[in-house]
Number of protein chains: 2
Amino acid sequence: MFREKGYAGTSMRDLANAVGIEAASLYNHIKSKEDLLLQICVAVAQDFFDALDEVKNVEMPAEKKLALVIEKHVAIVTQNLDGAAVFLHEWRFLRKDNFDRLKNIRKKYRQEFQTIVQAGVEEGVFRNINPKLYSLSVLSALNWIYDWYKPNGELTPSELAKQFSYILLEGLKK
Amino acid sequence: MFREKGYAGTSMRDLANAVGIEAASLYNHIKSKEDLLLQICVAVAQDFFDALDEVKNVEMPAEKKLALVIEKHVAIVTQNLDGAAVFLHEWRFLRKDNFDRLKNIRKKYRQEFQTIVQAGVEEGVFRNINPKLYSLSVLSALNWIYDWYKPNGELTPSELAKQFSYILLEGLKK
DNA sequence: CCTACCGATCGGTAGG
DNA sequence: CCTACCGATCGGTAGG
């Protein structure tokens, strides 16, 4: 519901209605509307970091590592389209402390992604591109998947990931 | 303000306050809050289509054409970060008819972009990638620029566009 | 462009 | 998990 109507556009009464209770009763389950948003964001963030940690320190060629991270990222987004959308878009409605907390989490993820790219550049297996710009672009493309991906469409998540890696690594030009 | 606080999170009183008048007075300038959102979205959409039309039917290699469209797209986003953000994110708060209208506009732009990619594939100058997936990914990366681009940062829009084209066309792998 | 105001709705609490 | 309710705020209108 946060994804579809936006955080600000979703009322406690909307949420309560969706689960068949009164708005006031929701406060037996959650601390506040914002806390609910926080919980969603933190949970999704955890998924991303768990995936990253599985790959981060494994010894493998930069090319393989990047492809693997992309695959895992795609898997998380496609398996939880709503959660991903909220984590990526609605997190900014958190207030002060929670806002800063999520901002840092997002930054850290991007940086770890960037480290993998950078390693490939330094090893000489990747072209001499701008690792930061590259990482931002790739993550943008990956993150936007939630906006158009249809779970029952023609593309499976793993095929999607494969095509992504291919495009990114090989380039468009023949 | 729509960008920063979101459409739903921005009140008429917020807007009025920003221009130093009362909320009620805003209605001498705009029809409604939604109409204001619509105007912003339509104006930005027009920018994108104007740019596309300048390139669309010009005779040039697919590779050049794609690079040119990317350059123009980047220029529009970087020159109007707020507008781009609203066009890309807040448009969905439009109701029914306007929502559908914008949805079609966005789809049409993506399709025209895709046509350029497809032409390159058919001419054999591009690899045999999935044009739709490719277009979605590139546009995602381009659209997300508004999220991190700093006007006074190290990258000029044209340099940004150049690096983008390079990465996309040549690929990451050496 | 203002004051004054409308009915509706907001997140949340009290008390059971 | 409910009823009843709080003060605040919402988009918008009437009338000047």
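Residue numbering restarts at 1 for every chain, and letters A, B, ... go by the order of the sequence lines.
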task: Using the test salt bridge (charged side-chain N to carboxylate O under 4.0 Å, His left out), find all partners of A:Lys33 that sit at least two apart in sequence or belong to another chain.
output: none
- line: Under a 4.0 Å heavy-atom cutoff, the residues of residues 10-26 of chain B touching DNA chain D are B:Thr10, B:Ser11, B:Met12, B:Arg13, B:Ala24
- request: Could you name each residue pair satisfying salt bridge (charged side-chain N to carboxylate O under 4.0 Å, His left out) that touches residues 134-146 of chain B, not counting sequence neighbours?
  value: none
message: Going by the rule side chain to side chain donor-acceptor pair (under 3.5 Å), which residues pair with B:Gln118 if we only count those two or more places apart in sequence or in a different chain?
response: none
field: ring pair (Phe, Tyr, Trp, His ring centres under 6.0 Å) partners of A:Phe99, counting only residues at least two apart
entry: A:Trp91
- request: Using the closest heavy atom to pick a nucleotide of DNA chain D for each, name whichever of B:Ser32 or B:Asn28 lands nearer the 5' end.
  value: B:Ser32
- request: Go through the structure and list residues passing side chain to side chain donor-acceptor pair (under 3.5 Å) with A:Glu63, not counting sequence neighbours.
  value: none
query: From the 5' end of DNA chain C to its 3' end, which nucleotides mark the outer limits of contact with chain B, defined by a 4.0 Å heavy-atom distance cut-off (strictly under)?
result: C:dC1 to C:dA4
Summary of salt bridge (charged side-chain N to carboxylate O under 4.0 Å, His left out) pairs that have at least one residue in residues 87-110 of chain A, sequence neighbours excluded: A:Glu34-A:Arg95, A:Glu90-B:Arg92, A:Arg92-B:Glu90
side-chain contact (heavy atoms from CB on, under 4.5 Å) involving B:Asp50 - partner list, sequence neighbours excluded: B:Gln46
query: Which residues pass the side chain to side chain donor-acceptor pair (under 3.5 Å) test with B:Glu22, sequence neighbours left out?
result: none
task: Answer yes or no: does atom NZ of A:Lys65 have more than 12 heavy-atom neighbours from other residues, nucleotides or ligands under 6.0 Å?
output: yes
- line: So the stems of DNA chain C, runs of at least three Watson-Crick or G-U pairs (under 3.5 Å), are C:1-16 with D:1-16
Give every donor-acceptor pair under 3.5 Å between a side-chain atom in residues 131-144 of chain A and any protein atom, sequence neighbours left out.
{"residue": "A:Ser135", "atom": "OG", "partner": "A:Pro131", "partner atom": "O", "Å": "2.7"}
{"residue": "A:Ser137", "atom": "OG", "partner": "A:Leu133", "partner atom": "O", "Å": "2.8"}
{"residue": "A:Ser140", "atom": "OG", "partner": "A:Leu136", "partner atom": "O", "Å": "2.5"}
{"residue": "A:Asn143", "atom": "OD1", "partner": "A:His73", "partner atom": "NE2", "Å": "2.8"}
{"residue": "A:Asn143", "atom": "ND2", "partner": "A:Leu139", "partner atom": "O", "Å": "3.1"}
{"residue": "A:Trp144", "atom": "NE1", "partner": "A:Asp147", "partner atom": "OD2", "Å": "3.2"}

